[in-house]
**Student:** 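I have a structure here, written as structure tokens, and I will follow up with some questions on it.
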Amino acid sequence: TRPGVGVKPAANGVCLPDIDWLEIPGGEFQLGYVSYTGAFASEKISLPTFYISRYPITYAQFQTFLDDPTGYADPYWFARLAASEAQRRMQEQTWRYYDHYYTNHPRETVNWYQAIAFCRWLSWRIFRNDNWDNLDGEAVRLPTEFEWEKAARGKDRRRYPYGSRFDKARGNLSETGIRQTSAVGIFPNGASSFGVQEMSGNVWELCLSNYEKPMLEAMEENLQNDEHRVIKGGAWDYSQFGARTDSRSHIQPSFCTGFLGFRVCCSARPLS
């Protein structure tokens, strides 16, 4: 029943994700990333105000997209993406207790194309606009890697969302020992300075950004190719290195697995 974890009723008997939006104020912050190859970069950049979900999208929330007759089944939401029919096909969530799904866990086994389709559908539902492609930048979307890092790192250049030293009790990583996804929000002392949770472990999170050529502005990202996309935050079966705010890795947009999920972002405050 916690805000931001479940769903809420909408018009015509449809349920929608109950997103707990947090405002990330505009201004400068220190970007700094390190990759598994050892590449490192650091620079000060400025971002406008944006809004991000407190938690990753949960199983229950993603299911509203699958259950809506005008949701996943409509190929419209995949328009102009490079996904083949096979790459659009949904797979079952990996983590469940026999036939019972962990509805308050992150919805994993979702690829980048499917996450984009979810965001387009949710934009249409939230902003009540007949055309998701004409929302003047207000559309719900994946965060860029720069937005993700600012929401996680804050203004004080934290190595982890909660501080400078790793603490296995503040996120779900291999060192924590859970060995699968966990319910979102059970590590409240792992939140970033902006209150964003689950940014250190649980599931790697898909970003909008092209790994080789990330664009500072979301509207400048080319969504029509199959180039690798950035993932951030580490996961339940990865070590503390991946959970650093300055760590980045990448996946093919068609790739999905039990350690990969996503959260949503928006340039304008969404309607309640």
Side-chain angles (χ1 to χ4, degrees), residues 19 21-35 39-57 80-82 110-120 122-123 132-133 135-155 157-158 161 192-194 196 198-200 203-234 242-253 255 260-270:
I19 307 294
W21 295 101
L22 295 178
E23 180 178 327
I24 310 299
E28 288 189 338
F29 85 106
Q30 189 72 33
L31 173 76
Y33 67 78
V34 59
S35 71
F40 179 80
S42 181
E43 62 178 308
K44 185 172 289 187
I45 65 171
S46 182
L47 294 175
T49 296
F50 63 94
Y51 301 84
I52 197 166
S53 58
R54 186 183 298 273
Y55 307 110
I57 295 299
R80 299 194 303 280
L81 296 179
V110 174
N111 67 36
W112 186 84
Y113 297 128
Q114 294 158 347
I116 294 292
F118 172 90
C119 291
R120 290 172 168 180
L122 188 57
S123 299
W132 58 264
D133 204 19
L135 289 171
D136 297 326
E138 294 182 343
V140 176
R141 52 179 172 77
L142 296 177
T144 66
E145 71 166 305
F146 308 111
E147 291 168 331
W148 193 101
E149 184 168 331
K150 181 173 183 178
R153 201 174 205 198
K155 297 179 180 180
R157 304 174 62 181
R158 297 180 177 188
S192 76
S193 59
F194 294 117
V196 190
E198 307 293 325
M199 302 193 90
S200 183
V203 288
W204 282 100
E205 296 185 11
L206 294 159
C207 292
L208 193 70
S209 304
N210 183 306
Y211 182 74
E212 296 293 341
K213 298 179 181 179
M215 306 303 292
L216 188 59
E217 295 185 17
M219 297 293 289
E220 294 181 357
E221 280 290 345
N222 179 5
L223 307 186
Q224 299 181 38
N225 59 49
D226 61 354
E227 296 178 2
H228 282 216
R229 301 289 163 169
V230 173
I231 56 174
K232 299 276 285 182
R244 287 173 47 157
T245 57
D246 58 1
S247 179
R248 69 196 295 258
S249 192
H250 60 97
I251 47 88
Q252 292 178 322
F255 182 72
L260 187 64
F262 71 101
R263 73 178 68 229
V264 292
C265 181
C266 197
S267 298
R269 182 182 291 278

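Atom set for the values below is all heavy atoms of this structure, side chains included, hydrogens, waters and symmetry mates excluded.
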**Student:** Indicate the atoms forming the closest heavy-atom contact of L47 with F29, along with that distance.
**Tutor:**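 Smallest heavy-atom distance, with atoms named: CD1-CE2, 3.8 Å.
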
**Student:** What do the steps show when you test D246 against R153 for side chain to side chain contact (heavy atoms under 4.5 Å, CB included), and what is the final call?
**Tutor:** CA-CA 8 Å; D246 58 1; R153 201 174 205 198; 4.3 Å; yes

**Student:** Is S53 reaching over with its side chain to a backbone N or O of R263, donor-acceptor style, under 3.5 angstrom?
**Tutor:**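 Not at all, since once roles are kept as given, no pair shorter than 3.5 Å links the two residues.
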
**Student:** Would you indicate whether the side-chain heavy atoms of D226 and Y113 approach each other to under 4.5 Å?
**Tutor:**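 Side-chain contact under 4.5 Å: yes.
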
**Student:** Do P56 and E205 have side chains that get closer than 4.5 Å, going by heavy atoms?
**Tutor:**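 When only atoms from C-beta onward are counted, E205 and P56 do touch, with a gap below 4.5 Å.
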
**Student:** Measure the spacing between CH2 of W21 and CD1 of I52 and express it to the nearest 0.5 Å.
**Tutor:**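 Result: 8.5 Å between the selected atoms.
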
**Student:** Say you draw a straight line from CZ of R269 to OH of Y51; how long is it, rounded to the nearest 0.5 Å?
**Tutor:**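 If I round to the nearest 0.5 Å, the distance is 4.5 Å.
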
**Student:** For the pair E212 and H250, evaluate side chain to side chain contact (heavy atoms under 4.5 Å, CB included) and give the outcome as yes or no after the intermediate values.
**Tutor:** CA-CA 9 Å; E212 296 293 341; H250 60 97; over 6 Å; no

**Student:** So F118 and F262, would you call those rings parallel, tilted or perpendicular, with 30° and 60° as cut-offs?
**Tutor:**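 Rings of F118 and F262: perpendicular, as their planes differ by over 60°.
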
**Student:** F194 versus L22: any side-chain heavy-atom pair under 4.5 Å?
**Tutor:**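 The answer is no, as the side chains (C-beta and beyond) never meet within the 4.5 Å cut-off.
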
**Student:** Between I57 and V264, is a side chain to side chain contact (heavy atoms under 4.5 Å, CB included) present by the stated rule, with each step listed?
**Tutor:** CA-CA 7 Å; I57 295 299; V264 292; 4.1 Å; yes

**Student:** Have a look at E145 and tell me which of K232, R229, R248 forms a side-chain hydrogen bond (donor to acceptor under 3.5 Å, both in side chains) with it.
**Tutor:**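 Among K232, R229, R248, the one meeting side-chain hydrogen bond (donor to acceptor under 3.5 Å, both in side chains) with E145 is R248.
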
**Student:** Using side-chain heavy atoms (C-beta onward) and a distance below 4.5 Å, is P253 in contact with N111?
**Tutor:**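 No, their side chains stay 4.5 Å or more apart.
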
**Student:** Ignoring hydrogens, what is the shortest heavy-atom contact between A152 and S192? Give both atom names and the distance.
**Tutor:**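 Looking at all heavy atoms of both residues, the shortest contact is O-CB, 3.5 Å.
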
**Student:** Once you round to the nearest 0.5 Å, how far does CD1 of I251 lie from CD1 of I231?
**Tutor:**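 With rounding to 0.5 Å, CD1 (I251) is 6.0 Å from CD1 (I231).
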
**Student:** Quick one: does any side-chain atom of S123 pair with a main-chain N or O of C119 as donor and acceptor, under 3.5 Å?
**Tutor:**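 Flag set: sc S123 to bb C119 pair under 3.5 Å.
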
**Student:** Do you know the tightest heavy-atom contact between F50 and C265?
**Tutor:**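 Taking F50 first and C265 second, the nearest heavy atoms are CD1-SG, 3.7 Å.
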
**Student:** When you look at F146 and L208, which way does the side chain to side chain contact (heavy atoms under 4.5 Å, CB included) test go after all the steps?
**Tutor:** CA-CA 10 Å; F146 308 111; L208 193 70; over 6 Å; no

**Student:** Taking C-beta and beyond as the side chain, do T144 and L216 meet within less than 4.5 Å on heavy atoms?
**Tutor:**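 When only atoms from C-beta onward are counted, L216 and T144 do not touch, as no gap falls below 4.5 Å.
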
**Student:** So which atom in W148 and which in P143 form the shortest heavy-atom distance, rounded to 0.1 Å?
**Tutor:**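 The pair with the smallest heavy-atom distance is CD1-CG, 4.1 Å.
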
**Student:** Got a second to check how far E149's CD is from R244's CZ, nearest 0.5 Å?
**Tutor:**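 If we round to the nearest 0.5 Å, E149:CD and R244:CZ are 10.5 Å apart.
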
**Student:** Between L81 and L223, is any pair of side-chain heavy atoms under 4.5 Å apart?
**Tutor:**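 Yes, side chains in contact.
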
**Student:** If I take atom CD from residue E28 and atom NZ from residue K150, how far apart are they, to the nearest 0.5 angstrom?
**Tutor:**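 One gets 9.0 Å once the value is rounded to the nearest 0.5 Å.
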
**Student:** Which distance, rounded to the nearest 0.5 Å, do you find between the CG of L122 and the CD1 of I19?
**Tutor:**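 The CG atom of L122 sits 6.0 Å away from the CD1 atom of I19.
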
**Student:** Strictly distance-based, threshold 3.5 Å: is any side-chain N or O of S200 a donor or acceptor partner for the main-chain N or O of P161?
**Tutor:**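 Not confirmed, S200 side chain does not pair with P161 backbone.
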
**Student:** Testing E221, E217, E147 for salt bridge (Lys or Arg N to Asp or Glu O under 4.0 Å) with R141, which one passes?
**Tutor:**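 Answer to the salt bridge (Lys or Arg N to Asp or Glu O under 4.0 Å) test with R141 among E221, E217, E147: E147.
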
